[in-house]
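Input: a single structure, listed below in structure tokens.
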Amino acid sequence: MKAVLKHSTIGRIAPSPTGRMHIGNAYAALAAWLGARSVGGQVRLRIEDIDTPRVVADADRWIMDDLAWLGLDWDGPVVYQSQRIDLYMQAFHSLQSQCLVEGNANTVTPTTGDNATEQALVYPCFCSRADIRAASAPNEGDGFVIYPGTCRSIPTQLAKHRIEMGERHSWRIAVPVAGEQDAICQVEDRVYGSQSYDLSQQVGDVVLLRSDGIVSYQLAVTVDDIDMGICQVVRGRDLLRSTATQQWIRTRLGVSEPVEWAHLPLVDGADGRRLSKRYGSLDIGSLRERKVKPEQVLGLCAWLLGLQDRPEEASLHQLRESFSWAQIRSHLQDKILEDSLVDALD
């Protein structure tokens, strides 16, 4: 797969249309917009509607309207993941045709299924979520469950027979085992600095194609970023570990162009839980109904990012002119959005 040639920074805002934008979404979107615009780059808008059961009707229109209200513009046409299934499946089949050679994970050859030293790069997994939870332990206290590799060693012919019998399955991408070449993934992050992940011990074999036939987040966003020429990715730190998976997929798709990664501290509600669309009073639509000005929301988000000392009104122009990643790096602690701060917007 070939990456799009680019001549400047291209960032992206990539919301999921599962409801109205909230303060946390605006916070991340502002950082992504500033990261690209502050260096004269482009911003693309991608609607991540691949998980169709979770999509809310008209949410894409609400999101675009809220972004426009905030002044966070974008370049080019809006990209919808739901319209790119063929592209994802093309990448999936490219990965599925490869194998890893035991003793040299960097060697990728067409898979035959006949060589005992070969590990299919993509293999079927027949495990249920309950099976995986029972066989795994959350990693590093963050609740991330690493797949234990239960189905990785199933003989090719047996796996094929189980599929032909109609057994429900997903498809996973294999990562190098500890000690193999490419087993360690190095990530340089603009906010959290140098990160190192042991793919087998800290990431595991992730799903590319779900058992319900839906393309996974990991595959879809990786293919999207390659195809759209995205070279700067800004998002929450809860996705920092996913960077290792996405870099592994990029490598297997033959893409070597670097990506500038920047992960942000998370924003929690007053009760300590992650902000989500169930916090109705914090969604942008509710704030607009209360006649809150966009400059007030931008100022609050800029303060949460560490870009200004107080949650006071700010314009995009002044934020763009003064933006630096160093300011965000100096405020790495996750943020708590107290109700009083939202109430003060009135």
Side-chain angles (χ1 to χ4, degrees), residues 11-16 18-38 63 66-67 69-72 140-144 187 189-193 195 232-243 261-288 290 292-316 318-320 322-346:
R12 41 85 152 175
I13 297 173
S16 298
T18 56
R20 199 76 187 238
M21 281 185 67
H22 56 70
I23 291 290
N25 301 136
Y27 158 90
L30 175 61
W33 190 92
L34 289 172
R37 295 298 194 209
S38 65
I63 289 168
D66 288 339
L67 288 171
W69 179 75
L70 289 167
L72 302 178
E140 297 181 4
D142 62 2
F144 184 89
V187 176
D189 190 79
R190 291 300 301 265
V191 178
Y192 285 91
Q195 305 288 317
Q232 184 185 83
V233 174
V234 182
R235 57 193 181 186
R237 69 160 180 82
D238 54 325
L239 291 171
L240 186 52
R241 189 197 304 261
S242 290
T243 304
W261 306 97
H263 291 78
L264 307 171
L266 303 181
V267 180
D268 298 327
D271 60 1
R273 293 185 298 167
R274 287 282 309 281
L275 290 184
S276 70
K277 296 174 180 65
R278 64 179 175 271
Y279 283 87
S281 64
L282 298 181
D283 77 51
I284 304 302
S286 296
L287 296 176
R288 292 174 66 177
R290 288 163 47 186
V292 172
K293 296 187 294 185
E295 292 81 7
Q296 292 175 281
V297 177
L298 292 172
L300 176 59
C301 292
W303 174 74
L304 290 168
L305 286 166
L307 301 179
Q308 56 184 32
D309 295 332
R310 292 180 296 277
E312 57 190 18
E313 291 185 27
S315 70
L316 282 176
Q318 71 186 78
L319 293 174
R320 183 178 64 241
S322 62
F323 176 79
S324 79
W325 291 112
Q327 293 172 290
I328 298 177
R329 282 197 300 271
S330 64
H331 297 81
L332 290 181
Q333 186 173 358
D334 287 349
K335 310 302 190 295
I336 298 294
L337 184 57
E338 300 290 351
D339 293 338
S340 60
L341 290 172
V342 180
D343 293 341
L345 295 175
D346 287 325

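Just the heavy atoms: all of them, side chains too, but no hydrogens, waters or symmetry mates, feed the values below. Remember, predicted model here, so these are calculated numbers, not experimental data.
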Q.
Working to the nearest 0.5 angstrom, can you tell me the gap between I284 CD1 and I23 CD1?
A.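 Atom-to-atom, I284:CD1 and I23:CD1 are 4.5 Å apart.
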Q. Looking at CG of L337 and NE2 of H22, how far apart are the two atoms once the value is rounded to the nearest 0.5 Å?
A.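 The distance works out to 10.5 Å.
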Q. Excluding sequence neighbours, so at least two apart, what forms side chain to side chain contact (heavy atoms under 4.5 Å, CB included) with E312?
A.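 For E312, the residues satisfying side chain to side chain contact (heavy atoms under 4.5 Å, CB included) (neighbours in sequence not counted) are Q308, R310.
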What I'd like to find out is whether the side chain of [X] reaches to under 4.5 Å of the side chain of [Y], using heavy atoms alone.
X	Y	answer
L266	K335	no
R190	V234	no
L319	L30	yes
T243	R235	yes
H263	Q195	no
L287	V342	yes

Do you know which two heavy atoms are closest between [X] and [Y], and how far apart they sit?
X	Y	answer
H331	Q327	ND1-O, 2.9 Å
V292	W69	O-CZ2, 3.0 Å
I13	A32	CG1-CB, 4.2 Å
Y192	L332	OH-O, 3.5 Å
A29	L67	CB-CD2, 4.1 Å

Under 3.5 Å, which donor-acceptor pairs do the side chains of residues 296-307 form with other protein atoms, sequence neighbours left out?
unit_1: Q296; atom_1: OE1; unit_2: K293; atom_2: N; d: 2.7
unit_1: Q296; atom_1: NE2; unit_2: L345; atom_2: O; d: 2.7
unit_1: W303; atom_1: NE1; unit_2: D309; atom_2: O; d: 3.3

Q: Carefully, step by step, assess D283 and N25 under the rule side-chain contact (heavy atoms from CB on, under 4.5 Å).
A: CA-CA 9 Å; D283 77 51; N25 301 136; over 6 Å; no
(Q) Under a 3.5 Å distance rule, please check whether R12 uses its side chain to pair with a backbone N or O of V233 as donor and acceptor. (A)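 Absent.
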Q. D66 side chain to I63 main-chain N or O, any donor-acceptor pair under 3.5 Å?
A.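 Side chain of D66 to backbone of I63: no pair is present.
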Q: Answer yes or no: is there an ion pair linking D189 with R237, defined by an N-O contact shorter than 4.0 Å?
A: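 A salt bridge is absent here (no side-chain N lies under 4.0 Å from a carboxylate O).
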Q) With sequence neighbours left out, what residues match F323 under ring-ring contact (aromatic ring centres under 6.0 Å, His included)? A)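 Applying ring-ring contact (aromatic ring centres under 6.0 Å, His included) to F323 gives W325.
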